[in-house]
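This report refers to the structure that appears directly beneath it.
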Amino acid sequence: MADTQTTSGTEAGKQPRSVRVVLLALMITMMLAMLDNMIVGTAMPTIVGDLGGLEHLSWVVTSYTLATAASTPIWGKIGDMYGRKGAFMSSIVIFLIGSAMSGMAQNMGELIGFRAVQGLGAGGLMVGVMAIIGDLIPPRERGKYQGMMAGVMALAMIGGPLVGGTITDNWGWRWSFYINLPLGVVSLALISAVLHLPKKRSQSRIDYLGATLLTVGITSIVLVTTWGGTEYAWTSSRIMELIGIGVASLIGFVFWQTRAAEPIVPLHIFRSRNFTLMSLIGFITGFVMFGATLFLPLYQQSVQGASATNSGLLLLPMLGAMLVTSMVAGRVTTNTGRYYVFPVVGSVLMVIGLYLLSTMDTGTSRFTSGVFMAVVGLGMGCLMQITMLVAQNSVEMKDMGVASSSTTLFRTLGSSFGVAIMGALFNNRVQDVMSERAGALGSKVTEQSAQLDAASLAKLPAAAREAYQHAVTAGTHSAFLLGAVVAVAALAAAVFVKEVPLKGAGPQKPDAPADAAAPQSPVVEAV
């Protein structure tokens with residue numbers, strides 16, 4: 001039996017024991033979602049050595065990313081229509097089935113297909129975590145718990161490569177997938193036992209046409225950003241076809257959402273200025289964050305001579321600063337109910353940090369680059385969870401799922417564009433500088449890829465190695481300078497955020513006006 005009640009004790013930061021247990025389960029699930037790609041990425045060389053199919057290597061990641069991005073908004077809508085608990089547990093089960101099947105794959109084709117199944121489930125993990133927090137925790141209290149979630153994200157990014165390397169070396173690559181099973185079972189058991197939310201049953205049917213149009217549009221965009229400049233030239237007919245299909249599908253999706261009885265993404269949520277601004281800031285944060293995590297280790301390994309063994313530790317200054325700031329921002333938001341300062345300050349720090357990173361050269365010390373990374377981390381820490389908090393605070397409870405999924409989707413698409421555009425700029429700059437400094441030899445060295453691993457770098461002649469270090473420095477300069485310019489748009493958006501004070505869980509004063517933008521959230525306690 002579930003007794004739905006509003007608890008006045010949350011104003012003091014005290015949650016019922018059942019809610020704390022649910023939050024533990026949510027953090028385990030979020031760890032699953034964040035760790036998976038980090039662990040699998042470390043295991044990929046071993047996987048290719050066992051299964052073969054090097055030419056299909058990129059699809060192991062791409063199939064997972066496509067399925068995750070395409071299913072994210074659909075999971076959010078299903079939760080809104082039919083109940084958050086059932087949708088969340090279903091996504092965990094599908095993720096675990098995909099993990100088990102991936103671990104049993106006998107060839108690269110099977111692994112790609114099973115990773116797509118895993119991605120379908122993963123699309124509901126992050127959305128479910130954020131939407132359930134939105135259901136359980138009043139707006140005033142969410143900052144504290146979403147700060148904890150940002151901490152889990154940072155720890156996963158630091159520890160993922162370490163865990164992946166240890167598992168692969170000692171147990172074999174298949175356990176990089178099997179490790180999800182015990183964690184997922186624990187999460188399922190805890191959620192099943194202590195999470196009790198009001199059951200929903202919508203009379204409307206899922207908007208299948210809208211889901212199809214959105215899936216085709218998102219798939220086309222992700223493929224363009226994944227293949228453009230690598231598998232196909234940006235001006236090739238294949239990329240142009242994908243752009244055309246993507247644009248046409250998304251235009252059709254927007255048109256259909258104005259007519260669907262139960263739209264996948266209700267367009268009325270974008271009438272809220274704060275929600276629209278948070279979606280833009282989330283997109284830019286994803287653009288910058290994943291671009292930084294791609295190029296910073298490359299710079300440190302190629303130019304500063306850092307070891308690739310513990311690659312997650314190379315990002316510790318940025319991720320550590322992000323962790324601390326997320327926790328502080330969450331606590332301050334909970335105590336004061338105000339948040340306007342964090343998007344503004346976070347955007348300023350992100351612009352400054354990215355500009356500083358763009359000034360690095362072949363003589364920059366690890367300490368100096370670490371300070372620059374910490375500045376970026378401080379900025380992202382102010383933005384990562386505040387964007388979700390403000391987005392949720394800008395919609396009604398019935399739209400909590402689509403608000404969470406839309407914000408997550410924009411961040412995912414931002415990361416895809418960031419990796420693609422910054423990557424293309426980096427690669428072109430590296431190849432140009434190698435041609436200038438090393439002539440024909442430089443062009444030959446980077447004709448396959450502008451990113452060399454440690455073994456390939458060690459085999460180069462001293463002159464070519466020095467040229468490559470200058471080329472990587474030039475490439476990271478261009479990539480981070482672009483990131484700084486893009487981050488200015490986040491600052492412009494942050495300035496226009498309208499601060500709607502977050503409600504606490506305490507009783508309203510009789511003369512206090514109702515705030516439709518920040519509805520009172522029930523805390524559901526198991527009895």
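Bear in mind that the values here come from a model prediction, so they are computed numbers and not experimental data. Worth knowing before you read on, the calculation uses all heavy atoms, side chains too, and leaves out hydrogens, waters and symmetry mates.
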Could you check if a side-chain atom of [X] sits within less than 4.5 angstrom of a side-chain atom of [Y], using non-hydrogen atoms only?
X      : Y      : answer
Phe88  : Val127 : no
Thr408 : Met388 : yes
Ile243 : Ile239 : yes
Met289 : Arg411 : no
Leu319 : Met322 : yes
Leu242 : Trp227 : yes
Lys77  : Ile74  : no
Val395 : His268 : no

So does [Y] get a backbone contact from the side chain of [X], meaning a donor-acceptor N/O pair under 3.5 Å?
X      : Y      : result
Gln257 : Leu267 : no
Tyr64  : Phe114 : no
Trp75  : Leu120 : yes
Ser406 : Ala403 : no
Asp80  : Val402 : yes
Ser272 : Ile269 : no
Lys85  : Leu195 : yes
Ser249 : Gly246 : no
Thr219 : Val216 : no
Glu262 : Asp207 : no

Start with the C-alpha gap between Tyr339 and Val500, add the side-chain angles, then the distance that decides, and say whether side chain to side chain contact (heavy atoms under 4.5 Å, CB included) holds.
CA-CA 9 Å; Tyr339 50 80; Val500 179; 3.8 Å; yes
Stepwise side chain to side chain contact (heavy atoms under 4.5 Å, CB included) check, Trp234 with Val224
CA-CA 8 Å; Trp234 285 104; Val224 167; 4.0 Å; yes
Residue list, salt bridge (charged side-chain N to carboxylate O under 4.0 Å, His left out) with Arg115, at least two apart or on another chain
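With sequence neighbours excluded, Arg115 shows a salt bridge (charged side-chain N to carboxylate O under 4.0 Å, His left out) to Asp36, given in chain and number order.
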Pairs touching residues 375-400 that satisfy ring-ring contact (aromatic ring centres under 6.0 Å, His included), sequence neighbours left out:
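Sorted pair list comes back empty.
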Write out all pairs satisfying ring-ring contact (aromatic ring centres under 6.0 Å, His included) with one or both partners inside residues 388-424, taking only residues at least two apart or from two chains.
Phe283-Phe417
Output the distance between atom [atom1] ([X]) and atom [atom2] ([Y]), rounded to the nearest 0.5 Å.
X      : Y      : atom1 : atom2 : value
Met130 : Ile132 : CE    : CD1   : 11.5 Å
Thr276 : Ile281 : OG1   : CD1   : 11.0 Å
Thr476 : Leu425 : OG1   : CG    : 10.5 Å
Leu214 : Ile264 : CG    : CD1   : 7.5 Å
Leu481 : Met422 : CG    : CE    : 10.0 Å
Leu125 : Gln118 : CG    : CD    : 9.5 Å

Looking at residues at least two apart in the chain, or sitting in another chain, which of them share a ring-ring contact (aromatic ring centres under 6.0 Å, His included) with Phe496?
none
Heavy-atom pair of closest approach, residues [X] and [Y]:
X      : Y      : result
Gly401 : Ala131 : CA-CB, 4.2 Å
Ser63  : Ile112 : OG-O, 3.1 Å
Gln392 : Ser404 : NE2-OG, 2.9 Å
Ala69  : Leu409 : O-CD1, 3.5 Å
Ser71  : Gly123 : OG-CA, 3.4 Å
Tyr340 : Val497 : CE1-O, 3.1 Å

Please tabulate, for the side chains in residues 346-358, all donor-acceptor contacts under 3.5 angstrom to protein atoms that are two or more places apart in sequence or on a different chain.
residue	atom	partner	partner atom	Å
Ser347	OG	Pro343	O	2.7
Ser358	OG	Tyr355	O	2.5

Single hit among Val345, Thr325, Val324 for side-chain contact (heavy atoms from CB on, under 4.5 Å) with Leu378:
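Of the listed residues Val345, Thr325, Val324, the side-chain contact (heavy atoms from CB on, under 4.5 Å) partner of Leu378 is Thr325.
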In this structure, which one of Ile245, Leu250, Ile251 forms a side-chain contact (heavy atoms from CB on, under 4.5 Å) with Val247?
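That would be Ile251; it is the only one of Ile245, Leu250, Ile251 passing the side-chain contact (heavy atoms from CB on, under 4.5 Å) with Val247.
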Check the pair Leu23, Ile133 against side chain to side chain contact (heavy atoms under 4.5 Å, CB included), reporting the backbone distance first and the verdict last.
CA-CA 8 Å; Leu23 289 171; Ile133 288 178; 4.2 Å; yes
Please set out all donor-acceptor pairs under 3.5 angstrom arising from side-chain atoms of residues 183-192, sequence neighbours excluded.
residue	atom	partner	partner atom	Å
Ser187	OG	Ala25	O	3.3
Ser187	OG	Thr29	OG1	2.5

I'd like to know whether Phe177 forms a side chain to side chain contact (heavy atoms under 4.5 Å, CB included) with Met101, so could you lay out the CA-CA distance, the side-chain angles of the two residues, the decisive distance to 0.1 Å, and finally the verdict.
CA-CA 9 Å; Phe177 296 104; Met101 294 168 69; over 6 Å; no
Atom CZ of Arg238 with >12 non-hydrogen neighbours under 6.0 angstrom:
no
